[in-house]
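Order of the sequence lines fixes the chain letters, A, B, ..., with proteins taken first and strands second; residue numbering starts at 1 for each chain.
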Amino acid sequence: MSVAIASTGLTKFGRRNEGLIELLVEAGREALEGAPASARRPDCVVVGSMAAGALAGLESLVPRVANGLGLAGLPGWRVESASATGAGAFQLGAHLVASSAFERVLVLAGEKMTAQATGSTTTALARSLSANEVRHGATMPSMASLLSQLYLARYHLSIEDVAEVTVRNRACAQGNPKAQFPSAVTAAQVNESRMVSSPLRLLHVSAISDGAGAVLLTRPSSRESVVVRGMGQATDVLEVASRPMEPLGFRATRQAARAAYDQAGVGRKEVQTSEVHDAFAPFQLIDLEDLGFCGPGEGLAWTRAGRGDPNGVLPVNPSGGLLGRGHPVGVSGLAQIIEVDRQLRGEAGRMQAGSPRVGLAQSVGGLGSHNFVTILGREQSA
Amino acid sequence: MITVFVCSGCGLHFPSDEIRRCPECGGTLSAKELEGRGRVAAATELSVPPEGWAAPHRLVLAQVDGGGLLLALATSGTPEVGSTGRLVRRPEGQLSWQGDG
Ligand SMILES: [Zn+2]
């Protein structure tokens with residue numbers, strides 16, 4: 001694809017005093033101010049938010065953002081893809097540039113989750129589940145717990161084993177100035193944290209958070225730049241229990257990954273940095289397998305061997321992931337892409353893990369019903 | 001007895017026919033009566049029940065004989081994974097798990 005990342009912006013995640021639009025404008029201004037002077041005026045905006053109406057009491061986000069940026073008149077679209085919204089917004093923006101419909105597309109994603117009581121937020125997030133699941137009172141944590149148990153049982157793992165994921169991601173988050181939780185935790189702390197939806201505990205679950213991100217997309221210049229190499233996405237049957245379950249994981253991730261690898265012309269062994277969707281700690285193990293980083297059932301052993309560590313063969317979530325950074329649901333997919341971009345530029349500060357030239361971001365929407373994979377590369381464009 | 005719905009095209013089963021067509025292949029759904037017996041494949045209890053629900057709120061995925069996995073409420077204790085029982089349909093439309101013994 002002939003699409004480059006000109007600049008990015010990312011707010012600090014966590015409980016923020018600002019409203020949704022202020023957060024989006026903060027990220028958007030950072031991206032525009034970081035762009036070359038010739039690219040600072042976008043000709044289109046794409047805004048992602050999973051549940052702005054339910055969580056922030058706002059709709060009609062495109063004109064609000066355009067107004068906030070002093071760019072009234074700008075055309076644009078809003079995107080919603082549940083907890084993968086940010087990835088969906090990015091991919092739409094990239095298609096708009098690749099198709100030559102627009103030259104400079106500002107992609108933003110924002111979520112304001114802490115203005116509501118936790119119960120209301122949980123109810124809003126559960127609306128991405130099937131009607132039958134909602135009828136049973138299912139929530140994202142309870143469905144994630146059930147699916148995780150199937151995975152753990154299949155491969156003879158225990159929930160205590162999974163603490164490894166949180167411990168490693170939180171260790172990485174210590175280097176992330178934007179993270180909600182820039183502090184290390186021990187396996188004992190994970191396994192003794194309060195129960196959320198048995199056997200998933202608080203430190204297995206990414207946190208409700210506020211935040212926003214922005215990426216300015218353009219055509220590649222003649223200089224070396226970070227470009228979009230491949231993208232894929234797929235939907236799946238909403239009802240989790242009705243899906244084909246072999247191999248156990250997210251079929252939509254596997255389909256999205258296949259499309260992204262094919263378009264990028266790379267295999268998974270050429271990926272040198274990655275951000276994957278660890279909304280629930282067991283999901284990271286599933287992601288590693290769905291992306292082909294390791295075989296089915298090998299995610300934990302692969303992780304324990306340090307292969308995904310910052311100094312490993314394929315760093316996974318060097319930013320701290322959703323578990324460390326926080327999970328403003330509509331933003332995380334874009335934040336992952338921003339983190340990969342910064343790794344490829346060598347501008348990730350204390351999070352920098354080697355000198356990668358190919359990076360991958362993977363996002364899970366809902367309970368695996370709309371997943372995305374995006375592959376970026378640092379390269380000289382023609 | 002419980003009723004599930006099976007796709008004539010791909011064989012996937014669904015807990016209700018409100019979706020009208022198979023979401024996997026667009027095939028038609030046929031009602032299938034099951035005894036509802038099976039075993040618990042996974043079970044969870046939410047520490048804080050969802051809005052509108054009383055504590056404790058428990059869910060199971062039940063592997064049903066002849067019917068694949070089905071989501072159900074567990075109203076009498078948190079069932080052990082692997083334990084046996086049967087599903088019944090509540091008037092409100094949900095499935096409910098009743099463990100043996
Ligand atoms: Zn079908």
Please identify, among B:Ala43, B:Ala41, B:Cys10, B:Pro23, the residue contributing the most non-hydrogen atom pairs under 4.5 Å to chain A. B:Ala43
Closest-packed option against chain B by number of heavy-atom pairs under 4.5 Å, given A:Thr122, A:Val240, A:Val196, A:Thr139: A:Val196
Checking side-chain polar atoms at under 3.5 Å, does A:Ser197 have a donor or acceptor matched by the opposite partner on B:Thr44? yes
With a 4.5 angstrom heavy-atom cut-off, is it the side chain or the backbone of B:Leu95 that approaches chain A, or both, or neither? both
Kindly say whether B:Phe14 contributes a backbone atom to a donor-acceptor pair with the side chain of A:Glu239 at under 3.5 angstrom? no
Quick check for you: among B:Gly11, B:Ser16, B:Pro15, which has the greatest number of heavy-atom pairs under 4.5 Å with chain A? B:Pro15
To the nearest 0.5 Å, what is the distance between CG (A:Leu150) and CG (B:Leu61)? 5.5 Å
Give me the atom names and distance for the closest heavy-atom approach of A:Arg135 to B:Gly93. CD-C, 4.1 Å
Max heavy-atom pair count under 4.5 Å with chain B, selected residue of A:Ala138, A:Ser120, A:Ala153: A:Ser120
So for A:Arg251, is it side chain, backbone, both, or neither that comes closer than 4.5 Å to the heavy atoms of chain B? side chain
A:Ser142 to B:Leu59 - nearest heavy-atom pair and separation: OG-CD1, 3.7 Å
Chain A contacts: which residues in residues 48-58 of chain B have a non-hydrogen atom closer than 4.5 Å to it? B:Pro50, B:Glu51, B:Trp53, B:His57
Atom group of B:Glu18 that falls short of 4.5 Å from chain A, counting heavy atoms: side chain
If the contact rule is any heavy atom under 4.5 Å from chain A, which residues of residues 25-36 of chain B qualify, in numerical order? none
More than 12 non-hydrogen atoms from neighbouring residues, nucleotides or ligands closer than 6.0 Å to CZ on A:Arg15, yes or no? no
Which atoms form the tightest heavy-atom contact between B:Leu71 and A:His136, and what is the distance? O-NE2, 3.5 Å
Report the distance from atom CG of B:Leu70 to atom OG of A:Ser242, rounding to the nearest 0.5 Å. 7.0 Å
Let me know if B:Val81 has heavy atoms under 4.5 Å from chain A in its side chain, its backbone, both or neither. side chain
Give a yes or no on whether B:Glu80 atom CD has more than 12 heavy-atom contacts from other residues, nucleotides or ligands under 6.0 Å away. no
